[in-house]
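Reviewing the structure listed below.
Computation of the quantities below employed the complete heavy-atom set of this structure, encompassing side-chain atoms and omitting hydrogens, waters and symmetry-equivalent molecules. All values derive from a computational prediction rather than experimental measurement.
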Amino acid sequence: MRAMSSKRPAHIGARGFTLLELLVAITLMAILAVIAWRGLDSMTRTREALAQRDERIEALKTAYAQFDADCTQLADPNTLSRPPIEVDANRVLMVRDRRDDGQPPAWQVVLYRITDGRLERLQSPPITNRGDLRGALDSLRQGGGGAARYLLASNVDSISARAWIEPGGWMDNSGTLSAALFPAGSNTTTLAGLPSASTPSAPAPVANSPGVVVPAASVRAVELALLVRMTPQGAPQRFTRICMTGL
């Protein structure tokens, strides 16, 4: 009779994973997956926030570049016989000088304002007589129904401005600015001294012409301040720009 072998099959004694071990492994893998997902989500949100910030910074650069162009071409109050800038709550109105050398006077009224969190710039067509200038000022003060509109930036909470009057310093409202330029009630809202609507090609009046109100000061600089939310959850940040007028 053949002797029985002492060797046992290889599978005898091999041990697999228990149910508890499998559950622990699955739980650990789930935890790691959640941690990895949260990390990826945080990185994605951060990248989106940085992209939004970069986009808004570029928009602010464009807005301030346009503001610089308007400011450096600010009309001379000596010609207008009125302040070339008005500053109010969330609104800045400016009169630009659009004349060319040897050409009749030409102006353009521009308005910076906030509408539903958006910074807009409105501009009138070129103007060559005081009747149209007065009409453009009134129209933009009331919302600028027929003016061209340009969106400059979004997520803007507020806008403010002030002008440096020499002598006098910073003025942040239209009343004090007008009083500094034209003291003792010498300012006129009828734009005396500008060419009339019937004579659009008349030359600009000189400072000592009859009916011309000569300012007692000069607008040397204008500061534009914007309160902007760079990210949806972030607090508003203040951005300012000072432009020298050259007057």
Side-chain angles (χ1 to χ4, degrees), residues 59 62-116 118-154 156 159-163 171 173-175 177-178 181-182 187-205 212-213 215 219 221-224 226 241 243 245-247:
T62 302
Y64 277 127
Q66 181 61 65
F67 167 71
D68 285 346
D70 293 334
C71 179
T72 54
Q73 297 178 9
L74 199 65
D76 190 347
N78 195 41
T79 302
L80 291 178
S81 294
R82 56 157 290 115
I85 178 171
E86 296 179 6
V87 292
D88 296 297
N90 286 334
R91 189 188 71 172
V92 182
L93 188 146
M94 307 168 70
V95 182
R96 298 179 54 176
D97 192 340
R98 291 292 303 272
R99 79 179 66 201
D100 296 323
D101 292 339
Q103 297 298 317
W107 300 273
Q108 187 174 49
V109 184
V110 298
L111 174 69
Y112 290 83
R113 70 178 184 184
I114 303 297
T115 303
D116 297 328
R118 298 173 300 175
L119 174 63
E120 294 182 336
R121 178 183 179 273
L122 285 69
Q123 68 177 35
S124 72
I127 300 163
T128 58
N129 64 76
R130 75 178 168 194
D132 290 344
L133 179 57
R134 187 186 307 113
L137 287 166
D138 291 340
S139 174
L140 286 179
R141 289 190 191 107
Q142 297 171 9
R149 300 168 186 252
Y150 302 93
L151 175 62
L152 297 180
S154 57
V156 182
I159 179 176
S160 60
R162 57 180 183 169
M171 308 283 176
N173 67 75
S174 298
L177 195 154
S178 178
L181 287 174
F182 302 94
N187 185 28
T188 174
T189 58
T190 59
L191 305 177
L194 294 184
S196 64
S198 60
T199 58
S201 61
V212 175
V213 181
V219 183
V222 180
E223 180 189 69
L224 183 68
L226 300 173
R241 179 81 169 201
C243 173
T245 64
L247 295 176

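Closest of all the heavy-atom pairs between D70 and V110 is OD2-CG2, 4.0 Å. The minimum heavy-atom distance between L119 and L151, with the atom names listed, is O-CD1, 3.6 Å. Closest non-hydrogen pair, L133 versus W107, comes out as CD1-CB, 4.5 Å.
The closest donor-acceptor contact from the side chain of T245 to the backbone of T72 lies at 3.5 Å or more, if one exists at all. Between the side chain of R241 and the main chain of A65, no donor-acceptor pair closer than 3.5 Å is present. Remark: the backbone N or O of D132 is paired with a side-chain donor or acceptor of N129 at under 3.5 angstrom. Under a 3.5 Å cut-off, the side chain of Y64 and the backbone N or O of L224 do form a donor-acceptor pair. Looking only at distances, no side-chain donor or acceptor of D97 sits under 3.5 Å from a matching main-chain atom of L74. A side-chain donor-acceptor contact under 3.5 Å links Q108 to the backbone of S124. Between the side chain of R113 and the backbone N or O of G143, at least one donor-acceptor pair lies under 3.5 Å.
Listed by chain and residue number, nothing satisfies the side-chain hydrogen bond (donor to acceptor under 3.5 Å, both in side chains) test with D76 (two or more places apart in sequence, or in another chain).
Tested against E86, the residues L93, V92, V95 include a single side-chain contact (heavy atoms from CB on, under 4.5 Å) partner, L93.
At a threshold of 4.5 Å between non-hydrogen side-chain atoms, the residues Q73 and M94 do not count as touching.
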